[in-house]
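Heads up: the structure comes next, in structure tokens.
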Number of protein chains: 4
Amino acid sequence: MKGAIMEQSIELFANKGFKETSIQDIMDVLNVTKGTFYYYYKSKEEVLMDIQYQYINRLLDSQEKIIHDEETSYQEKLHEIIFKLLNDIEKEGLRAKVFFREMRHLTNEHLNQIMEKRDQFKENIQLVVEEGIKKGEFRSDLPPNIVTFGILGMANWSYFWFKPEGPIPDVEVAKIFYKMLLEGIEKKE
Amino acid sequence: MKGAIMEQSIELFANKGFKETSIQDIMDVLNVTKGTFYYYYKSKEEVLMDIQYQYINRLLDSQEKIIHDEETSYQEKLHEIIFKLLNDIEKEGLRAKVFFREMRHLTNEHLNQIMEKRDQFKENIQLVVEEGIKKGEFRSDLPPNIVTFGILGMANWSYFWFKPEGPIPDVEVAKIFYKMLLEGIEKKE
Amino acid sequence: MKGAIMEQSIELFANKGFKETSIQDIMDVLNVTKGTFYYYYKSKEEVLMDIQYQYINRLLDSQEKIIHDEETSYQEKLHEIIFKLLNDIEKEGLRAKVFFREMRHLTNEHLNQIMEKRDQFKENIQLVVEEGIKKGEFRSDLPPNIVTFGILGMANWSYFWFKPEGPIPDVEVAKIFYKMLLEGIEKKE
Amino acid sequence: MKGAIMEQSIELFANKGFKETSIQDIMDVLNVTKGTFYYYYKSKEEVLMDIQYQYINRLLDSQEKIIHDEETSYQEKLHEIIFKLLNDIEKEGLRAKVFFREMRHLTNEHLNQIMEKRDQFKENIQLVVEEGIKKGEFRSDLPPNIVTFGILGMANWSYFWFKPEGPIPDVEVAKIFYKMLLEGIEKKE
DNA sequence: AATGAATGAGCTTTCATTCAT
DNA sequence: AATGAATGAAAGCTCATTCAT
């Protein structure tokens with residue numbers, strides 16, 4: 001039941017928003033009464049918190065695996081990170097939506113922890129960029145900080161438009177983004 | 001007064017969210033009573049609607065000016081569009097925040113119109129990309145649709161992190177993003 | 001209306017208790033809707049607070065007047081204080097009930113202030129006792145502190161049993177209590 | 001377990017109030033689950049009822065012993081009754097608090113019985129006063145009824161201020177009260 | 001003897017909105 | 001143009017109680 005409540009919450013938070021979703025809404029779908037909610041969670045915010053932690057922890061985990069793979073180049077790591085993000089939308093799209101949009105409804109204490117982890121995620125990408133520059137895989141005349149924000153924006157924004165069931169699959173989009181990033185879109189002779 | 005209400009609404013919607021801002025909150029700052037609100041606006045949603053239309057219309061206007069400038073290349077147009085978006089954050093950052101985040105609180109009728117305009121904005125960029133390809137300014141082996149989403153993501157995401165008062169000014173960020181996009185981040189030869 | 005809400009609140013808090021009285025209960029009697037309550041008071045606790053302050057302030061005021069009357073002896077002052085307390089029950093009985101019984105529902109901040117004032121009330125009586133001892137009006141071999149608690153108990157307890165419409169009027173009860181206190185109940189010679 | 005539940009209930013009812021104490025609160029301390037409560041008691045009110053009966057019955061018992069002691073004078077009986085009350089606070093203080101403050105939460109049926117016993121307690125003291133008057137131990141010009149309320153108030157009020165661990169022990173306070181009552185506080189030549 | 005899950009009624013509070021003045 | 005009073009619907013949350021296991 002606890003799991004079911006969370007599943008429903010994600011669904012509803014993603015579609016209607018945290019504030020716009022009432023406990024009633026969540027429990028109606030599960031065909032139990034409102035009171036039951038409070039048997040499993042102390043408050044509405046606690047569900048949100050659980051969702052946020054689960055999401056960012058999983059994301060960081062899979063990211064760390066990619067980064068610490070000794071067999072891959074930094075270019076390959078970047079490619080994989082982008083693919084992973086796109087690929088996630090299929091299974092985790094709703095969670096991601098909730099994560100980015102409803103973050104501000106957390107209490108300060110949790111908000112800070114979550115934001116730290118979110119920043120860590122960005123730092124990890126930046127590390128790949130920086131190491132890649134050192135190893136001569138990426139050009140060195142662009143500030144890694146801004147470059148990273150660019151990459152992050154490209155990938156994250158896809159949550160607003162990418163449809164897994166659309167004509168172009170995640171693998172393809174990731175490949176295109178990777179090419180854009182690496183080679184640029186300028187026509188070369 | 002009507003203008004003042006809107007100004008305050010933008011400020012508060014941006015900082016606290018649409019749902020989280022009460023009419024009382026808005027009018028408190030203006031030192032008038034809640035009732036006054038309804039002399040100028042029919043409902044809370046109407047203010048939001050006005051904000052959304054104003055924002056997207058201005059954005060589209062300035063975008064169209066850039067696109068239809070006969071004197072500039074498509075590469076230059078792209079650069080300018082990116083710069084314009086970054087530059088906007090300084091003066092229009094709050095509006096932008098409200099635009100992206102609170103869109104869903106519009107009634108269906110207005111939501112559709114707004115989304116159409118938002119899509120138009122994307123179409124315009126895509127047009128620049130497509131024409132640039134035709135004219136040989138951009139490479140032709142990448143789908144303009146996805147490329148455009150990439151560009152849009154890069155630029156729009158800056159609303160989440162770009163601080164106008166930060167160390168790197170909007171001109172610089174725009175230049176870096178432009179270089180990334182055009183030339184790629186790969187180390188050459 | 002604000003006054004009416006308070007009047008009703010006193011009535012209901014006294015008869016059913018603070019916790020047991022719902023905002024609904026209060027407003028039902030006034031034939032207005034629950035929402036109206038919050039137009040006049042920020043919270044349920046605020047009404048209680050107002051009641052408590054009003055009560056203790058009035059009580060202290062009238063007490064100070066008695067104490068600082070230069071024309072009366074300390075014995076007379078003691079008599080008057082006791083009478084005043086008994087007399088109050090008629091007009092302020094409900095307030096007194098609420099005061100003693102519902103004090104603990106105040107937030108800490110207010111509770112402290114109220115308790116300070118309540119202690120001041122006791123201190124004032126003790127002062128009369130002490131000064132009376134110095135002036136030779138009261139015997140000096142009993143600790144004023146405990147004596148004061150005794151007096152206070154006698155008088156305050158009457159809130160639990162004294163009925164203004166009963167056979168013995170407040171003047172009489174005060175006189176009897178005063179005699180008991182001054183002369184004792186022992187049969188002399 | 002049944003005893004443990006009652007012990008905890010007294011503690012919590014005294015400190016937080018009957019309404020303010022949840023079954024959960026009680027069982028949390030005992031490290032068992034809420035459901036267990038209903039194995040031992042039919043309802044929350046039943047515990048309160050048990051507390052009330054236990055308290056008043058014990059009190060009446062010890063009072064009757066004092067009253068029917070053939071060896072003591074009525075003055076001595078009065079002294080003992082007062083001492084007994086003060087002395088009780090140490091071991092039974094919490095019970096007393098609950099008794100006086102939470103009485104109103106009983107259902108009518110039980111409330112009536114409890115109030116009858118409470119009145120009996122007062123009647124018993126009044127009997128001592130009346131018999132003492134007849135025997136010439138107490139003055140006869142004060143109505144026994146009011147005198148009794150005075151004595152009761154003095155003694156009962158100590159629940160609000162008397163601290164067993166304070167500087168003056170129960171024996172002393174009882175003695176002082178007794179002296180006040182018997183001899184009065186007026187300075188004699 | 002004890003648990004865990006669920007219920008349902010009730011509570012305080014918030015707030016967009018209406019409207020007579 | 002603005003105020004002040006009132007409404008009513010809904011929200012988050014608490015909790016005594018029930019009951020199958």
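Labels below follow one simple rule: chain letters A, B, ... track the order of the sequence lines, proteins then strands, and each chain is numbered from 1.
- In this structure, NZ of Lys44(D) is placed 4 Å from P of dA16(F), rounded to the nearest angstrom.
- Side-chain N or O atoms of Arg118(C) include none that pairs as donor or acceptor with a backbone N or O of Ile56(C) at under 3.5 Å.
- Both Met1(A) and Lys19(C) sit near DNA chain E, but only Met1(A) has its closest nucleotide nearer the 5' end.
- If Glu45(A) and Lys42(D) are placed on DNA chain F by their nearest nucleotide, the residue sitting closer to the 5' end is Glu45(A).
- Searching all strands for a Watson-Crick or G-U wobble partner of dC15(E) with both distances below 3.5 Å returns dG8(F).
- Counting non-hydrogen atoms under 4.0 angstrom, Phe37(B) reaches nothing in the nucleic acid.
- Atom-to-atom, CZ of Phe18(D) to P of dT14(F) comes out at 19 Å; the value is rounded to the nearest Å.
- Remark: Lys97(A) fails to qualify as a cation-pi partner of Tyr159(A) under the 6.0 Å distance and 45° angle criteria applied to the six-membered ring.
- Between Lys34(D) atom NZ and dA16(F) atom C1' the separation is 7 Å, expressed in whole Å.
- Between the side chains of His110(C) and Gln113(C), not a single donor N or O lies within less than 3.5 Å of an accepting N or O.
- Mapping Ser22(C) and Asn31(A) onto DNA chain E by nearest heavy atom places Asn31(A) at the nucleotide closer to the 5' end.
- We find that CD of Gln24(A) is positioned 10 Å from C1' of dA10(F), with the value rounded to whole Å.
- Phe99(C) and Tyr55(C) have tilted rings, their planes meeting at an angle from 30° to 60° on a 0 to 90° scale.
- Rounding to the nearest 0.5 Å places CD of Gln52(D) at 9.5 Å from CD of Glu45(D).
- Spacing between atom OH of Tyr38(A) and atom C1' of dT14(F) amounts to 9 Å, rounded to whole angstrom units.
- Taking the ring centroids of Phe100(B) and Trp157(A), they lie under the 6.0 Å cut-off.
- Thr36(C) comes within 4.0 angstrom of a base, heavy atoms only.
- Here dT14(F) presents its P atom at 11 Å from CG of Asp25(D), a figure rounded to the nearest Å.
- Checked by atom type and distance alone, the side chain of Lys34(D) never pairs as donor or acceptor with a backbone atom of Ile26(D) at under 3.5 Å.
- Close approach of DNA chain E to chain C, defined as any atom under 4.0 Å from a non-hydrogen atom of the protein, starts and stops at dC11(E) to dT14(E).
- When both pairing distances are held under 3.5 Å, dA20(E) makes a Watson-Crick or G-U pair with dT3(F).
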